Asks: 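Pasting in a structure now, in structure tokens, and then I'll have a few things to ask.
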Amino acid sequence: MGVRYVGRFAPSPTGSLHAGSLVAALASWLDARAHLGQWLLRIEDIDAPRCVAGADQQILKQLAACGLVTESEPTWQSRRTYLYEDALAKLINKGWAYPCGCSRKEIEDVYVSQGHQLARHNAAVYPGTCRNGLHGKSARAWRLNVQAVIEALHLPPTLQWHDRRKGLQQQDVATEVGDFVLKRADGVWAYQLAVVVDDADQGVTHIVRGEDLLDNTARQILLQKALDFPTPTYMHTPLVLGENGEKLSKQNGAQALDLSDPLAALNRAAGVLGLKPCETSLSNALNQWTQAWLSSQQSF
Ligand code: GLU
């Protein structure tokens with residue numbers, strides 16, 4: 001095919017893989033294989049308070065049992081924090097990152113007093129209180145000055161991008177999200193910064209992941225531009241809904257994948273991706289789905 005392809009699956013070890021995360025794992029693996037590309041595994045364990053001891057090893061075991069294997073060694077974000085430090089320093093040097101002393105409660109109070117309702121995932125758009133100085137407060141978190149980046153790089157206020165499955169997407173990051181956090185008040189690196197730095201450092205060209213992350217993409221593209229990184233292509237895969245109609249997640253009690261029958265679990269994941277069942281063997285199934293993925297490519 002001649003396309004340089006580096007893909008990845010980047011689970012947070014907050015629990016074992018479940019039926020929902022297997023869909024993203026399978027899709028990213030198939031996409032890499034169909035492109036004759038590389039597939040990396042990255043354990044996103046920077047948010048230590050949310051990580052569960054041993055979940056990383058469990059996830060690696062589950063992927064291996066499903067035949068979703070890679071030749072490259074997995075990486076752990078917790079071992080790469082010097083890279084995030086470096087990226088934050090670059091943004092500070094450019095004048096695009098600033099310390100913030102606001103608590104969540106203060107941010108919400110300002111937001112509500114401006115007549116807004118907490119809408120997007122119940123999160124307030126940061127009102128910019130510390131953008132021009134801490135006003136005597138002590139620094140807690142670091143934020144990106146979104147407007148400064150947009151102006152300096154002559155970007156349109158509404159960022160548009162194409163998702164291989166969902167089509168044209170857009171978000172006005174300054175008004176819909178605001179100056180988002182790069183390093184949290186508890187010292188933890190924000191997912192947005194870590195994921196962008198790692199994808200660039202590892203040369204990731206194609207991102208395939210669950211649709212729950214769609215809303216983060218505009219922020220990540222903005223950060224890529226601010227850090228002068230290339231923007232990969234994106235495909236967001238369908239979510240698996242639990243009985244309550246909500247996204248299946250570790251938080252709402254999704255069951256860990258049953259390793260006694262990986263083929264059955266894979267068939268369920270393949271079904272979510274619109275692939276036909278294959279009951280004969282793991283390797284037949286993965287071959288059949290790679291072929292099917294390849295021929296359906298154009299439609300993504
Ligand atoms: N670690 C994130 C998660 O498990 C995924 C990050 C990504 O794929 O960009 O939800």
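Hydrogens, waters and symmetry mates are skipped; everything else that's a heavy atom, side chains included, is used. Just so you know, ligand 1 is whichever comes first in the structure, and atom 1 is the first atom listed for that ligand. In this chain, residues are counted from 1 in sequence order. Keep in mind that what you see is a predicted model, and the values were worked out from it rather than measured.
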Asks: Starting from the C-alpha separation in whole Å, work towards a yes-or-no answer on salt bridge (charged side-chain N to carboxylate O under 4.0 Å, His left out) for R140 and E106.
Replies: CA-CA 13 Å; R140 292 163 51 88; E106 284 169 325; over 6 Å; no
Asks: List ligand 1 atoms under 4.0 Å from R8, heavy atoms only on the residue side.
Replies: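 Under 4.0 Å from R8, ligand 1 has these atoms: 7 (C), 8 (O), 9 (O).
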Asks: When the ring planes of Y126 and Y98 are compared, do they come out parallel, tilted or perpendicular, using 30° and 60° as the limits?
Replies: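 Rings of Y126 and Y98: tilted, 30 to 60°.
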Asks: Salt bridge (charged side-chain N to carboxylate O under 4.0 Å, His left out), that's the test. Do K90 and D228 meet it? Break it down for me.
Replies: CA-CA 10 Å; K90 273 193 195 126; D228 210 10; over 6 Å; no
Asks: Before signing off on this row, confirm whether A10 and ligand 1 have an N or O atom pair separated by under 3.5 Å.
Replies: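 Yes; the residue has a nitrogen or oxygen that sits under 3.5 Å from a nitrogen or oxygen of the ligand.
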Asks: Should the proximity of F9 to ligand 1, defined as any heavy atom under 4.0 Å, be assigned to the side chain, the backbone, both, or neither?
Replies: neither
Asks: Would you please classify the geometry between the W39 ring and the F9 ring as parallel, tilted or perpendicular, with 30° and 60° separating the classes?
Replies: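 Judged by the thresholds at 30° and 60°, the geometry between F9 and W39 is parallel.
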Asks: Is it true that R80 and D201 have a side-chain N and a carboxylate O under 4.0 angstrom from each other?
Replies: yes
Asks: Run down the list H236, Q192, R209, E44 and name the one with the heavy atom closest to atom 6 (C) of ligand 1.
Replies: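 Checking each option, the heavy atom nearest atom 6 (C) of ligand 1 is found in E44.
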Asks: Would you mind listing which atoms of ligand 1 come within a distance below 4.0 Å of any non-hydrogen atom of V195?
Replies: 9 (O)
Asks: Below 3.5 Å, N or O to N or O, backbone or side chain included: is there any such pair between D212 and ligand 1?
Replies: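 No, no N or O pair falls under 3.5 Å.
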